[in-house]
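Here is the naming used below: chain letters follow the sequence lines, and residue numbers restart at 1 for every chain.
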Protein chains: 4
Amino acid sequence: MQTERSQSPKPPRREREKQRQRQEILATALTLFSEKGYHNVSMHEIAANAEFAIGTLYKFFQNKEDLYKTLVLEQCDLFDQAFAKVLDAPGDEVVKLRDYVRVKGAMFREHMAFIRLFMAESRGASFNINAGLDASVRQRYYDFLKRFAAVFENGMAKNRFKRIADPFDLAVAMDSVVNSFLLMWIDDPRKHPFPEDPDKILKLFFDGILASR
Amino acid sequence: MQTERSQSPKPPRREREKQRQRQEILATALTLFSEKGYHNVSMHEIAANAEFAIGTLYKFFQNKEDLYKTLVLEQCDLFDQAFAKVLDAPGDEVVKLRDYVRVKGAMFREHMAFIRLFMAESRGASFNINAGLDASVRQRYYDFLKRFAAVFENGMAKNRFKRIADPFDLAVAMDSVVNSFLLMWIDDPRKHPFPEDPDKILKLFFDGILASR
Amino acid sequence: MQTERSQSPKPPRREREKQRQRQEILATALTLFSEKGYHNVSMHEIAANAEFAIGTLYKFFQNKEDLYKTLVLEQCDLFDQAFAKVLDAPGDEVVKLRDYVRVKGAMFREHMAFIRLFMAESRGASFNINAGLDASVRQRYYDFLKRFAAVFENGMAKNRFKRIADPFDLAVAMDSVVNSFLLMWIDDPRKHPFPEDPDKILKLFFDGILASR
Amino acid sequence: MQTERSQSPKPPRREREKQRQRQEILATALTLFSEKGYHNVSMHEIAANAEFAIGTLYKFFQNKEDLYKTLVLEQCDLFDQAFAKVLDAPGDEVVKLRDYVRVKGAMFREHMAFIRLFMAESRGASFNINAGLDASVRQRYYDFLKRFAAVFENGMAKNRFKRIADPFDLAVAMDSVVNSFLLMWIDDPRKHPFPEDPDKILKLFFDGILASR
DNA sequence: GATGAATGAGGTTTCATTCAT
DNA sequence: AATGAATGAAACCTCATTCAT
């Protein structure tokens, strides 16, 4: 309802202002949620930090859960879009993998708050506040994995990659490894420095470890 | 003075009974926590499901957080012990990796409730209820990774593996991939069947994917 | 930023209304505490009697103890001010003593509920809920006694009183006697009627009881 | 019921042992109550400190309140007896007053824990746990005051004292002054040293303070 | 439209008391 | 007779949400 804007009487300036406020609330909530966890942040706290009245929050979002879900989904969109730009463009598959690792690293750096929040609350099965959220978030992730798998599929078709495994499995594997290294970095940037060189990770898959007998 | 009687000081039956009750509470709590998340389960709910009075729970655990931490740490011990048995025994490194994947799969199967709980609440950085928990659990995981890395280190020393990467990084990578496949299975056992054959996963690292030009 | 509007910043009517509510809560709490004692009155009971929701109480006072301390300190202020008016004014010392007894009687009459509460919970050493309260309340009483002693000191300087004892001791003695008579009256107004005539008490100190041999 | 001992079957040793336990419980309770206040001491705490099982306490006392009342009444008896010995003996009235002050001081010294408890919980009107207690404790105090008043009455009859006031009022006054000095001493023994010399207090009443004009 | 005072359900925890052993 | 495990009512307090202004 609040996103319709084809009506003429509402001046677009009002509308833009509203969107700005909405984003401000979401940004504040993201920061707080990621610092203290969903259940340890009250709506009052969000309102106070965003410098709005508590009632105003309920003008934008039906309830706390709605605010949370919106927040997560919008952030997911950002990630999806960034990855799509890399993966869907034409080009060499090895370059794509390298770019993907680089872009994912950049996104983690830029959106650390969200990563923390996401990792803390949204993993696992269908429960928690995520009840309804998981369904869609999970689906989106699988959709992403399919597109990521296409890179391997194409690479194999072009004989750039060997067919050592199912492309989807390769996608799962490589993404989980990238995530692990990035999470370790977030966890303790000193002990586990940011993997500047994408190839450090890629090599784990490019060269097999098994010595020939 | 007043507890010493003619009975053997601490009747072992009483003690065993107490342990049984304790385990019952922990089991009930694990189920509920894993289904609904820490914050969505009340102590009353646990008491009712375990068929104890609420006060009895507080005889065993100082408070809700203590119950939760105990729960997680006891489960972690189980996993640690199972993995230690596989990794610390002498033997061929490739066999060890294969056994590790097999045992981890079996543990995930047997302790699904805990896996769900753990994935849902314990990831992420140091906040949430996990505040104090994270510190130790995280450390334990890194300790495990080091022992896992030793397998690769030894394998390299024996020329069983090629030195394509740092052993610790290899440990991180392989474990994250195993986890990913197991989590996908937990998530939707139909779409992502349980990886019966450990080699399916191992091959991802054994053979490189990069085709020689 | 969000609280500044076109209205005068803090509408005085709102503010006055708030103060009225606050006083209502304090008055209700005073009555209940004095009737049943601090530990035998629940916050729900106060809320119900004051016809507020329980949450509203916590808008005004951080917790039960805060409510109690506020209550006691505000009442103490009333007494301090009333006594200060009598003792600090210039004038004959005998008149001052007479006025003090009269005013104290009037205050006891008017604030019986508080007297009961104070006598019941605040005497004794430094423990109980009074932990922190005692410190200051006790100090205030000693401060008062010093000002009361000054009356005797001045009277002695003017040769209105004989130097039969330390002025501070005289202050302690006279005040305790006045309190005793007033407490007996509160205890059972029929058996121990209100000491209308201050001189009845003063005479106990004015004339010695020892017959000359 | 437990104090009857005319029956023959119960060996007196058992009976004596029981009494010893009872006293142990009461002594422990007195210490704890006086340190932390009635409501801040749990039955478990008393049981643990007295080294009895919680059930044993309920063999001796119907409930917590019963334990408290018994405690207070037994201590009151001690005081009553000590004062009676001084006041009811024949002798000069001035000596009696002096002895009374001395004995009261000694009793306060010896039974500080009880004094603290009594002052903290038992003053004030008829409420609190004292509900039933006050009735009798208060009556006992008035009975005492009457006996104390008799000293003044007798002294007046013998022309030892002047009839400057009602003997009962004199009793009230003198006792409240003695109490005040003793309480100040308990409160802060350094600032308000123990009034070693009874005459310091008696003089306040023996000599009038009013200077003859 | 925005505000924030007011609400009250529901959370965690304590502790007096009972009763099977 | 003594024990102490078990009970559950009831305490304090938080916070998502509503609605009169």
Side-chain angles (χ1 to χ4, degrees), chain A residues 14 17-18 21 39-48 51-67, chain B residues 2-7 11 13-14 17-18 21 39-48 51-67, chain C residues 2-7 11 13-14 17-18 21 39-48 51-67, chain D residues 14 17-18 21 39-48 51-67:
Chain A
R14 256 235 205 291
E17 174 63 8
K18 247 181 117 159
Q21 292 183 343
H39 284 284
N40 301 315
V41 174
S42 72
M43 291 296 270
H44 266 100
E45 207 172 344
I46 299 173
E51 301 191 300
F52 286 101
I54 183 80
T56 307
L57 267 65
Y58 283 86
K59 285 276 183 290
F60 286 101
F61 308 98
Q62 281 200 318
N63 50 41
K64 194 184 175 185
E65 198 179 328
D66 181 34
L67 167 54
Chain B
Q2 80 284 13
T3 54
E4 315 293 306
R5 294 263 141 228
S6 49
Q7 335 150 14
R13 189 161 54 84
R14 260 241 201 288
E17 174 65 7
K18 236 181 129 161
Q21 292 183 344
H39 285 286
N40 300 314
V41 174
S42 73
M43 291 298 269
H44 270 100
E45 209 172 343
I46 299 173
E51 300 191 292
F52 287 102
I54 181 78
T56 305
L57 267 65
Y58 284 87
K59 284 272 184 293
F60 286 99
F61 307 97
Q62 284 202 316
N63 51 42
K64 194 184 175 186
E65 197 177 330
D66 181 35
L67 168 54
Chain C
Q2 81 284 13
T3 54
E4 315 292 306
R5 297 261 141 230
S6 50
Q7 335 150 11
R13 189 161 53 83
R14 260 239 200 288
E17 174 66 7
K18 237 182 127 158
Q21 292 183 343
H39 285 285
N40 300 314
V41 174
S42 73
M43 290 299 268
H44 267 100
E45 208 172 344
I46 299 173
E51 301 191 292
F52 288 101
I54 181 81
T56 305
L57 266 64
Y58 285 88
K59 284 271 183 294
F60 287 99
F61 307 97
Q62 283 201 318
N63 50 42
K64 193 184 175 184
E65 197 178 330
D66 182 34
L67 167 54
Chain D
R14 257 234 205 292
E17 175 62 9
K18 247 180 118 161
Q21 292 184 344
H39 284 283
N40 300 315
V41 174
S42 72
M43 290 298 270
H44 267 99
E45 208 171 343
I46 299 173
E51 300 190 298
F52 287 101
I54 182 81
T56 307
L57 267 66
Y58 283 87
K59 286 275 183 293
F60 286 101
F61 307 97
Q62 282 201 318
N63 51 41
K64 194 183 175 185
E65 197 178 330
D66 181 33
L67 166 55

inquiry  = I need the minimum non-hydrogen distance between C:K18 and C:F60, along with the two atoms involved.
reply    = O-CE2, 3.6 Å
ask   = What is the distance, rounded to the nearest whole Å, between atom CD1 of C:I46 and atom P of F:dA11?
value = 11 Å
query = Taking all non-hydrogen atoms of both residues, which atom of A:M43 and which atom of A:N63 are closest, and how far apart?
reply = CE-C, 4.4 Å
request  = May I have the distance from B:L67 (atom CG) to E:dT12 (atom P), rounded to whole angstrom?
outcome  = 11 Å
key: Residue-phosphate contact under 4.0 Å: D:T56 side-chain N/O, F:dT3 OP1/OP2   = yes
remark   = Minimal heavy-atom distance between C:Y58 and C:I54, with the atoms involved, is CD1-O, 3.4 Å
inquiry  = Using a 4.0 Å heavy-atom cut-off, does C:E45 contact any base of the nucleic acid, only the sugar-phosphate backbone, or nothing at all?
reply    = nothing
task = May I have the distance from D:E17 (atom CD) to F:dA2 (atom C1'), rounded to whole angstrom?
result = 13 Å
task = Counting Watson-Crick and G-U wobble pairs whose two distances are both under 3.5 Å, find the runs of 3 or more in a row that involve DNA chain E.
result = E:2-21 with F:2-21
Nearest heavy atoms of B:K64 and B:H39, plus distance in Å = NZ-CA, 4.2 Å
query = Can you tell me how far P of F:dA16 sits from CG of A:L57, to the nearest Å?
reply = 11 Å
task = For A:F52 and E:dA2, give me the distance from atom CZ to atom C1', rounded to whole Å.
result = 11 Å
inquiry  = Using a 6.0 Å cut-off, check whether atom CD of C:Q62 has over 12 heavy atoms from anything other than its own residue.
reply    = no
Pairs under 3.5 Å (N/O, protein and nucleotides 14-17 of chain E):
{"from": "E:dA16", "atom 1": "OP1", "to": "D:K64", "atom 2": "NZ", "distance (Å)": "3.2"}
{"from": "E:dA16", "atom 1": "OP2", "to": "D:M43", "atom 2": "N", "distance (Å)": "2.7"}
{"from": "E:dT17", "atom 1": "OP2", "to": "D:Y58", "atom 2": "OH", "distance (Å)": "3.1"}
{"from": "E:dT17", "atom 1": "OP2", "to": "D:K64", "atom 2": "N", "distance (Å)": "3.0"}

ask   = In Å and rounded to the nearest 0.5 Å, what is the CG to CG distance from D:D66 to D:L57?
value = 11.0 Å
